[in-house]
Number of protein chains: 2
Amino acid sequence: MITTKNAIIRLSRYKSALARLRNLGFVKVFSDNLADAVGVTAAQVRKDFSMFAITGHRRGGYQTDALIEKLNSLLGKDSLQKVIVVGCGNIGSALMKYKSFEQEGIKIAAGFDTSGSFVKKSSEVPILSMDELQSFVSKHKIHIGVIAVPEAVAQAVLDQMVAAGIKGVLNFAPIRLRAPENIVINNVNLVLELESVIYFTRAVEKNPQALVEGG
Amino acid sequence: MITTKNAIIRLSRYKSALARLRNLGFVKVFSDNLADAVGVTAAQVRKDFSMFAITGHRRGGYQTDALIEKLNSLLGKDSLQKVIVVGCGNIGSALMKYKSFEQEGIKIAAGFDTSGSFVKKSSEVPILSMDELQSFVSKHKIHIGVIAVPEAVAQAVLDQMVAAGIKGVLNFAPIRLRAPENIVINNVNLVLELESVIYFTRAVEKNPQALVEGG
DNA sequence: TAGATTGTTAATCGATTAACAATC
DNA sequence: TAGATTGTTAATCGATTAACAATC
């Protein structure tokens with residue numbers, strides 16, 4: 001359901017806006033505050049909350065702390081999430097060092113790569129050989145993985161990950177991966193994101209009233 | 001218009017599928033072939049093409065080469081696109097080395113950073129100080145920039161980029177940026193993408209019929 | 001010609017928004 | 001109480017899909 005997907009993304013945005021509002025001293029927030037902060041309508045905020053059975057107070061809005069906690073638990077952020085990264089090239093190693101993940105309760109447990117030169121068990125996030133994927137994943141009970149390998153090997157890597165027990169994947173390879181239907185795949189295509197900026201920038205330059213709102 | 005945005009993203013996908021089909025020897029393709037390759041309906045393909053005045057032959061489908069060329073020109077890929085990257089931390093430097101951009105006719109002309117230690121004019125993609133942003137952008141007539149700086153300084157960086165003449169931005173900072181309405185901004189939030197995988201993976205584990213299709 | 005595929009219109013589907021009764 | 005905000009229903013809006021006439 002695509003509805004749910006967009007709604008979940010908005011919940012994440014509400015959560016991040018709430019953290020900022022809390023820092024500003026907001027003890028309670030109204031749907032209107034959140035709407036402004038995130039750039040949606042107040043009705044959208046209330047509709048989203050009602051879909052996930054989040055309730056407030058008829059005249060007093062929502063308690064900031066309670067709301068953040070509820071969103072965290074909904075989004076699976078009540079416990080540390082362990083994730084592996086397969087492919088330790090440019091993108092993969094950037095993700096392994098990316099501070100924001102840890103701040104959000106996401107821990108990169110290990111990186112994996114075929115080419116021996118990358119393998120480095122001693123670094124902060126160990127980089128292991130693909131041979132060790134299966135045992136590492138089952139030993140550490142990891143369900144989530146990131147694919148940051150070249151397009152040509154992405155499908156084979158996904159198959160190995162699924163065989164090892166991975167259930168959810170964030171894929172940076174610019175290709176449609178095939179997997180059993182109980183496997184969750186989310187694609188990020190950086191070239192496509194930049195191409196879309198290029199297209200719309202040109203479109204606006206040619207025809208300034210072609211207003212566009214970014215995703 | 002959000003329609004247009006989704007349509008453009010699909011055009012990009014068609015283009016990338018077409019390159020693969022051409023390698024397989026397809027001289028002409030049908031809307032049905034593209035639909036299968038990209039995972040949409042044939043009607044969607046034809047509708048998208050009609051929106052952008054791309055026509056085929058009533059019984060002979062579309063000429064692969066001509067179609068690729070048309071899509072490239074629509075997407076602004078007929079000339080080399082020069083882009084700058086501001087912020088040379090993990091994500092920024094990964095993007096500067098990312099091979100797929102060059103393969104798609106996107107050239108990272110320079111990176112920019114405040115902290116002096118990063119500055120390195122001699123490397124393949126020069127890394128310059130923020131002081132040089134304005135002159136570099138106007139000298140090289142660059143319209144597109146990537147923001148890969150920490151959240152706290154993202155708005156200030158955007159303001160400088162806009163002042164320097166940048167018209168379109170791909171933003172990796174997890175925050176809603178404010179800009180004049182003729183500036184195109186596209187946001188990529190990596191934490192949010194991973195969080196969404198975590199959420200849906202949990203949802204499917206709890207309730208296997210909660211089928212989800214990735215973006 | 002008969003068959004197949006496009007291009008487009010109309011129908012459907014789903015998501016967002018507006019409005020308002022409930023109520024604190 | 002009067003005023004304000006939620007939670008939800010109904011209305012709107014827009015995107016996708018189905019269907020089919022045109023035609024190669």
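Quick note on labels: first sequence line is chain A, next is B, and so on, each numbered from 1. For clarity, every value in this text was computed on a predicted model and none was experimentally measured.
Using modelled atom types, one finds no donor on one side chain facing an acceptor on the other under 3.5 Å when comparing B:Thr64 with B:Arg22. No donor-acceptor contact under 3.5 angstrom links the side chains of B:Gln81 and B:His143, judged on distance only. Remark: the A:Ser50 side chain and the A:Arg46 side chain contain no N/O donor-acceptor pair separated by less than 3.5 Å. Residues B:Asn72 and B:Asp78 have side chains that never bring a donor and an acceptor to within less than 3.5 angstrom of each other. Between the side chains of A:Asn186 and A:Lys5, at least one donor N or O lies within less than 3.5 Å of an accepting N or O. The closest side-chain donor-acceptor pair between A:Arg178 and A:Gln155, if any, does not fall under 3.5 angstrom.
One can place CD of B:Gln63 at 14 Å from C1' of C:dT6, the figure rounded to the nearest angstrom. Atom-to-atom, CE of B:Met51 to C1' of D:dT17 comes out at 15 Å; the value is rounded to the nearest Å. Nucleotide D:dT8 holds its P atom 16 Å from the CD atom of A:Gln44, rounded to whole Å. Separating the CG atom of A:Asp32 from the P atom of D:dA4 is a distance of 13 Å, rounded to the nearest angstrom. The distance between atom CZ of A:Phe30 and atom C1' of D:dT6, rounded to the nearest whole Å, is 11 Å. The separation between B:Asp48 atom CG and C:dG7 atom P is 13 Å, rounded to whole Å. Residue A:Lys5 contributes atom NZ, which lies 13 Å from atom P of C:dT16 at whole-angstrom precision. The nearest whole Å value for the distance from the CG atom in A:Asn33 to the C1' atom in D:dT6 is 14 Å.
Heavy atoms of A:Tyr62 sit under 4.0 angstrom from primed sugar atoms or phosphate atoms, though from no base atom.
Partner of B:Ile68 under the side chain to side chain contact (heavy atoms under 4.5 Å, CB included) criterion, out of B:Val29, B:Leu18, B:Leu21: B:Leu18 alone.
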Symbol by symbol from the 5' end, with Watson-Crick or G-U pairs under 3.5 Å, [ ] crossing and | another strand, DNA chain D is ..||||||||||||||||||||||
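In terms of modelled atom types and a separation under 3.5 Å, the side chain of B:Asp36 and the main chain of B:Asn33 share no donor-acceptor contact. Side-chain atoms of A:Lys107 never come within 3.5 Å of backbone atoms of A:Val83 as a donor-acceptor pair (strictly under, hydrogens ignored). A donor-acceptor distance shorter than 3.5 angstrom exists from the side chain of A:Thr201 to the backbone of A:Val197, with no hydrogens or angles considered.
The nearest pair of heavy atoms linking A:Lys97 to B:Asn90 is O-ND2, 3.1 Å.
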Close N or O pairs between protein and nucleotides 18-21 of chain C (under 3.5 Å):
residue : atom : partner : partner atom : Å
C:dA19  : N6   : A:Arg46 : NH2          : 3.3

Write out a two-atom table: protein N or O, nucleotide N or O from nucleotides 1-3 of chain C, distance below 3.5 Å.
residue : atom : partner : partner atom : Å
C:dG3   : N2   : B:Arg59 : NE           : 2.5

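Distances shorter than 4.0 Å separate some side-chain N or O of B:Ser31 from OP1 or OP2 on C:dT6.
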